[in-house]
Amino acid sequence: MYVRNWMSSPAVTIPPAASAAAAMEVMTGRKVRRLPVVEGWGLRGIVTLSDLHADRRPDASVEDVMTSDPLTVVPDDTLESAAKIMLERQVSGLPVLDAERRVAGIITESDVFRALCDLLGVKEKGARVVFTVPEDSDLLESLRHRLGGMVPRSLATFHNTARGCWEVVTRVRGRAPALKR
């Protein structure tokens, strides 16, 4: 899973000279909570809804309230690495820069949640099956045995070291067709 598959693109951007009020209008109109701040082709910063609420000066510009030199990712970064950066650095979104360092998109918490829902098969038809597998067992063999011919449509595992097991969540549908010999 890569950032390029989950990022919002093209990103809605704003110039640093724009007023904070204009940024608020753009965010409200486009239903976004953060905007990369772009001048020419270059990323100058990021402004969030929280930044705009924190600075109530009527004459404030985006440049006055933005975070300069924000953390960024590239389209080929893994979704996991982007999520880890957001979690560890307590940011809600990251501009995505292409090879020429231009803004190609933005990856946000909402995008990560959307990916998680797809990973867990939330939209898939079928039954949700949850079970544990001892950590010293063959995970795939246990899955095959436990599902008894049911076809997995999604699969997520969590290594629960405290309990010494793998927790498995899968969505299944029907039986696998019999192999013709």
Side-chain angles (χ1 to χ4, degrees), residues 1-12 27 30-36 43 45-51 53-54 67 69-99 101 103-179:
M1 296 175 66
Y2 295 96
V3 166
R4 69 176 170 264
N5 302 118
W6 299 99
M7 68 184 189
S8 299
S9 179
V12 179
M27 287 184 194
R30 298 295 295 270
K31 296 183 179 167
V32 296
R33 296 183 304 243
R34 61 202 63 75
L35 298 169
L43 178 68
I46 192 166
V47 64
T48 67
L49 201 52
S50 298
D51 296 332
H53 285 308
T67 299
D69 300 317
L71 299 165
T72 63
V73 291
V74 298
D76 289 337
D77 282 338
T78 63
L79 186 64
E80 303 94 275
S81 66
K84 185 177 182 211
I85 291 168
M86 286 190 270
L87 185 63
E88 289 177 350
R89 301 298 291 273
Q90 298 181 352
V91 296
S92 58
L94 301 166
V96 181
L97 302 183
D98 67 16
R101 309 264 319 141
V103 175
I106 189 165
I107 188 85
T108 68
E109 292 169 320
S110 296
D111 298 319
V112 173
F113 291 143
R114 191 167 43 88
L116 177 64
C117 286
D118 275 7
L119 182 68
L120 292 173
V122 170
K123 296 178 192 172
E124 288 282 340
K125 293 180 182 175
R128 180 176 184 265
V129 177
V130 180
F131 57 90
T132 60
V133 175
E135 67 184 352
D136 58 350
S137 296
D138 182 326
L139 183 60
L140 292 178
E141 185 56 40
S142 294
L143 176 66
R144 194 174 359 270
H145 175 73
R146 287 291 232 343
L147 294 182
M150 300 291 281
V151 179
R153 307 305 299 168
S154 68
L155 174 67
T157 63
F158 167 70
H159 189 209
N160 188 333
T161 54
R163 292 184 56 206
C165 65
W166 289 95
E167 295 182 14
V168 180
V169 179
T170 185
R171 190 158 307 265
V172 297
R173 192 169 39 183
R175 294 225 174 259
L179 295 174

Shortest non-hydrogen contact between Met27 and Thr48, atoms and distance: CE-C, 3.8 Å
Using a 6.0 Å cut-off, check whether atom CZ of Arg101 has over 12 heavy atoms from anything other than its own residue. no
If you round to the nearest 0.5 Å, how far is CE of Met86 from CG of Leu94? 5.0 Å
Are Arg34 and Ser92 linked by a side-chain donor-acceptor pair shorter than 3.5 Å? yes
Just do the side-chain hydrogen bond (donor to acceptor under 3.5 Å, both in side chains) check on Thr132 and Arg163 with the steps written out, would you? CA-CA 10 Å; Thr132 60; Arg163 292 184 56 206; 4.8 Å; no
To the nearest 0.5 Å, atom SG of Cys165 lies from atom CZ of Phe131 at 11.5 Å
Under the 3.5 angstrom rule, does the side chain of Thr170 hit a backbone N or O of Val129 as a donor-acceptor pair? no
What I'd like to find out is whether the side chain of Asp76 reaches to under 4.5 Å of the side chain of Val3, using heavy atoms alone. no
Could you go step by step and tell me if Ile85 and Val73 meet the side-chain contact (heavy atoms from CB on, under 4.5 Å) rule? CA-CA 9 Å; Ile85 291 168; Val73 291; 4.0 Å; yes
Do the non-hydrogen side-chain atoms of Leu139 and Thr157 ever get within less than 4.5 Å of each other? yes
Quick one: pull up CG in Leu87 and CD in Glu109 and give me the separation to the nearest 0.5 Å. 9.5 Å
For the residue pair Val12 and Pro36, what are the closest heavy atoms and their distance? O-CD, 3.2 Å
Any Ile106 side-chain heavy atom under 4.5 Å of Ile46 side chain: yes
Ser8 versus Asp111: any side-chain heavy-atom pair under 4.5 Å? yes
Would you say that Pro70 contacts Leu43 through its side chain, given a criterion of any heavy-atom pair below 4.5 Å between the two side chains? yes
Exactly one candidate in Asp118, Leu79, Thr78 meets side-chain contact (heavy atoms from CB on, under 4.5 Å) with Met1; the answer is Leu79
Gap between atom CZ of Arg114 and atom CG of Asn5 - 0.5 Å precision: 10.0 Å
Measure from the side-chain N and O atoms of Arg153 to the backbone N and O of Lys125, and report whether any donor-acceptor pair falls under 3.5 Å. no
Run the side-chain contact (heavy atoms from CB on, under 4.5 Å) check on Asp51 and Thr67 step by step: do they pass? CA-CA 8 Å; Asp51 296 332; Thr67 299; 4.2 Å; yes
May I have the step-by-step check of side-chain contact (heavy atoms from CB on, under 4.5 Å) for Leu116 and Leu120, ending in yes or no? CA-CA 6 Å; Leu116 177 64; Leu120 292 173; 3.9 Å; yes
Taking Arg171 for the side chain and Ser154 for the main chain, is one N or O donor matched with an acceptor at less than 3.5 Å? no
Interatomic distance, Asp136 atom CG to Trp166 atom CH2 [nearest 0.5 angstrom]: 12.0 Å
Report yes if the side chains of Ser9 and Val96 come closer than 4.5 Å at any heavy-atom pair, otherwise no. no
Quick one: are Val133 and Arg146 in side-chain contact, heavy atoms under 4.5 Å? yes
As a quick check of understanding, evaluate side-chain contact (heavy atoms from CB on, under 4.5 Å) for Leu71 and Arg89, giving each step before the final call. CA-CA 9 Å; Leu71 299 165; Arg89 301 298 291 273; 3.6 Å; yes
Interatomic spacing from CD1 in Ile107 to CE in Met7 - rounded to 0.5 Å: 8.0 Å
So, Asp77 side chain and Val74 main chain: donor-acceptor pair closer than 3.5 Å or not? yes
May I ask you to test the His159-Glu135 pair for a side-chain heavy-atom distance under 4.5 Å? yes
